[in-house]
K.L.:
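Have a look at this one before I ask anything.
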Protein chains: 2
Amino acid sequence: MTPPIQPIFRTGRVVATGLARTTGAALLLTACLSGPTGGPEGRWIDLTHPFDAHTIFWPTEEGFVLERGAGGLTADGYYYEAHRFRSAEHGGTHIDAPIHFGAGRWTVDRIPLSRLHGPAVTVDVSLACDADRDYRVGIEDLREWEAMHGRLPTEAIVLLRTGFGRFWPDRIRYMGTDERGAVAIPKLHFPGLHPEAARWLVEERQIAAVGLDTPSIDYGQSRTFETHRILAAANVPAFENLANLTALPARGFAVVALPMKIRGGSGAPLRIVAIVP
Amino acid sequence: MTPPIQPIFRTGRVVATGLARTTGAALLLTACLSGPTGGPEGRWIDLTHPFDAHTIFWPTEEGFVLERGAGGLTADGYYYEAHRFRSAEHGGTHIDAPIHFGAGRWTVDRIPLSRLHGPAVTVDVSLACDADRDYRVGIEDLREWEAMHGRLPTEAIVLLRTGFGRFWPDRIRYMGTDERGAVAIPKLHFPGLHPEAARWLVEERQIAAVGLDTPSIDYGQSRTFETHRILAAANVPAFENLANLTALPARGFAVVALPMKIRGGSGAPLRIVAIVP
């Protein structure tokens, strides 16, 4: 595996003064410009699980398939390989476009880039989720975060660290079952975001996007997907099955989340990185 | 369609002093931190064509297929849609991983993030390509760029603007033929990068990656794919079928290029953006 942590900008240094109050942007500056010549070492951290035969999809989906094509020396004496693949939109590290649960809302190709990058925070709810696989992150968790770290930035990308990312790709530990098909649905147990907290993030904090390290932004026992519907109605994308959230600080970093640009897609594979000073 | 140009970081301002010589990084700073409170308006420009039934693939490939699944009101009264898709690795806006033409080189999931972002330049060769569909960008074009704009930054992302992006998705104008299968190969006519120039970029300028607005980094009449092989041997990724290169300045901007993380992939769909102060 590629190590998830990579140094960024390999040269250059800047001294910045006069920073305004946007700590996220200010720290992105540090991350952008630090390097071996001095200053803190900026890191790009990959929050993406790879797509392969073990990638976790919803129990009713087939999953990711790499159809291997050519591979080897050609008659002309040079090496060549190329493959095809197929996948559901909603599996592995992916984005839910608002249209997934919102009629007339953005398809994945229409989500503005401004919703796909920005200052980010990590809300650690792993203790509560360890105690209760069906935990739903509530307004109180978010208020507690603010009490410790200050008010959430406007248009923030909010990442919920449930700790379940450490179970990947063990389906039983990660989502509660390794059965496939509709029979598995009642057996899904993993944490998610409470609908009331989703409404608070959208209405009171005007977040840009929200993500977490479980298969779905609604918890495993949801049958009505209210959190999805609240986010969709507000055109707020969700990032699911995130990796490496344990490598992130509580605040003071940036996220760039770039989905495959599927025209008319309700979701897509997502490559998402954090830039940490 | 989503407008390709989006404002970035919506708040904040910074005054930077003491900039080192890395102009690309320095200008990324401006792009990161400018906003409505003052300073130049930073823009994120999407260099990605969407994937749909018209997306251009190599004539021997099937192309992108969205298999529409559920879509509409459920029995429980809420809206839901979700789809599946299939694709070749090498079509539309995509990345060539070094293993595509280099035995033992990086697969797409192993390309370090440091090769996928950084200071970028645009080399405009559109006049030469208008005059000759089989034009190959040479060392002289690159030296001419340096004479006008200064030496290429080390570990730069070099974008070649052939002008052929404006023909997308008209296959005849873009690649010389709309025929499919092996019979189309001799009829491919579009510009690319000359192998000697590829070697110069790798050995003399230590570039991080190279991209262009045609179907392949080797020109359409290539039968030996020497440019691919030179880049692959040096573990330098190539970005193909880029969009909106006409929106870019010659230098002073940054690129972030995040491919779908296909384990063992020889290439993948790429979402690529430019950050222009």
Side-chain angles (χ1 to χ4, degrees), chain A residues 2 6-7 9-20 22 25-26 28-29 32-33 44 46 48 50-52 66 76 78-90 99-103 109-110 112-114 155 224-225 229 256 258-266 269 271 273, chain B residues 2 6-7 9-20 22 25-26 28-29 32-33 44 46 48 50-52 66 76 78-90 99-103 109-110 112-114 155 224-225 229 256 258-266 269 271 273:
Chain A
T2 309
Q6 306 288 345
F9 279 98
R10 293 143 300 259
T11 54
R13 184 179 188 184
V14 65
V15 177
T17 58
L19 291 175
T22 54
L28 180 59
L29 154 67
C32 283
L33 296 178
W44 282 48
D46 196 345
T48 318
F51 283 88
D52 61 25
L66 184 67
D76 292 326
Y78 60 85
Y79 185 87
Y80 175 77
E81 70 173 78
H83 315 298
R84 298 183 53 80
F85 63 97
R86 59 181 199 270
S87 181
E89 292 172 332
H90 300 275
I99 201 172
H100 186 35
F101 277 91
D109 54 311
R110 298 179 65 92
L113 293 177
S114 56
E155 301 187 44
T224 52
F225 302 102
R229 291 151 63 187
V256 179
L258 296 182
M260 183 178 168
K261 195 173 181 178
I262 299 174
R263 195 194 295 274
S266 75
R271 189 70 181 268
V273 298
Chain B
T2 309
Q6 306 285 347
F9 278 99
R10 293 145 297 262
T11 53
R13 184 178 186 184
V14 65
V15 178
T17 58
L19 292 174
T22 52
L28 179 60
L29 152 68
C32 283
L33 297 179
W44 283 49
D46 196 345
T48 318
F51 283 88
D52 60 24
L66 184 66
D76 292 324
Y78 60 84
Y79 185 88
Y80 176 76
E81 69 173 79
H83 315 297
R84 297 184 54 80
F85 64 95
R86 58 181 199 270
S87 181
E89 292 173 333
H90 299 274
I99 202 173
H100 185 35
F101 278 90
D109 55 310
R110 296 180 66 92
L113 293 177
S114 57
E155 301 188 45
T224 52
F225 304 101
R229 291 153 62 187
V256 179
L258 296 182
M260 182 176 167
K261 195 172 179 175
I262 299 173
R263 196 193 295 272
S266 75
R271 190 70 180 268
V273 298

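Lettering of chains follows the sequences in order, A, B, ..., and the numbering in each one begins at 1.
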K.L.:
Check whether Ile99(A) gets within reach of chain B through its side chain, its backbone, both or neither, counting any heavy atom under 4.5 Å.
P.N.:
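For Ile99(A), heavy atoms of backbone and side chain both lie under 4.5 Å from chain B.
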K.L.:
Can you tell which of Arg86(B), Met260(B), His100(B) has the highest number of heavy-atom pairs within less than 4.5 Å of chain A?
P.N.:
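Winner by heavy-atom pair count: His100(B).
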K.L.:
What's the shortest heavy-atom distance between Ala82(A) and Ser266(B), and which atoms?
P.N.:
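Scanning both residues completely, I find the closest heavy atoms to be CA-OG, 3.3 Å.
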K.L.:
With chain B as the partner, which of Gly102(A), Ser87(A), Gly265(A), Pro259(A) has the greatest number of non-hydrogen pairs under 4.5 Å?
P.N.:
Ser87(A)
K.L.:
Of all of Leu66(A), Asp52(A), Asp76(A), Val273(A), which one pairs up most often with chain B through heavy atoms under 4.5 Å apart?
P.N.:
Asp52(A)
K.L.:
Partners of Tyr80(B) by side chain to side chain donor-acceptor pair (under 3.5 Å), sequence neighbours excluded?
P.N.:
none
K.L.:
How close do Ala88(B) and Phe85(A) get, counting heavy atoms only, and between which atoms?
P.N.:
O-CE2, 4.0 Å
K.L.:
Most heavy-atom pairs under 4.5 angstrom with chain B, which of Val256(A), Thr224(A), Ile262(A)?
P.N.:
Ile262(A)
K.L.:
If you count heavy-atom pairs under 4.5 Å between each of Ala103(A), Pro269(A), Gly264(A) and chain B, which one has the most?
P.N.:
Ala103(A)
K.L.:
Please check this pair: side chain of Glu89(A) against backbone of His83(B), looking for a donor-acceptor N/O pair closer than 3.5 Å.
P.N.:
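A pair under 3.5 Å: yes.
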K.L.:
Taking side chain to side chain donor-acceptor pair (under 3.5 Å) as the definition, give me every residue that meets it alongside Thr48(B), ordered by chain and number, with sequence neighbours left out.
P.N.:
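Applying side chain to side chain donor-acceptor pair (under 3.5 Å) to Thr48(B) gives Asp46(B).
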K.L.:
Taking all atoms of both residues into account, what is the closest heavy-atom pair of Glu81(B) and His90(A), and its distance?
P.N.:
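For Glu81(B) versus His90(A), the nearest heavy atoms are O-NE2, 4.3 Å.
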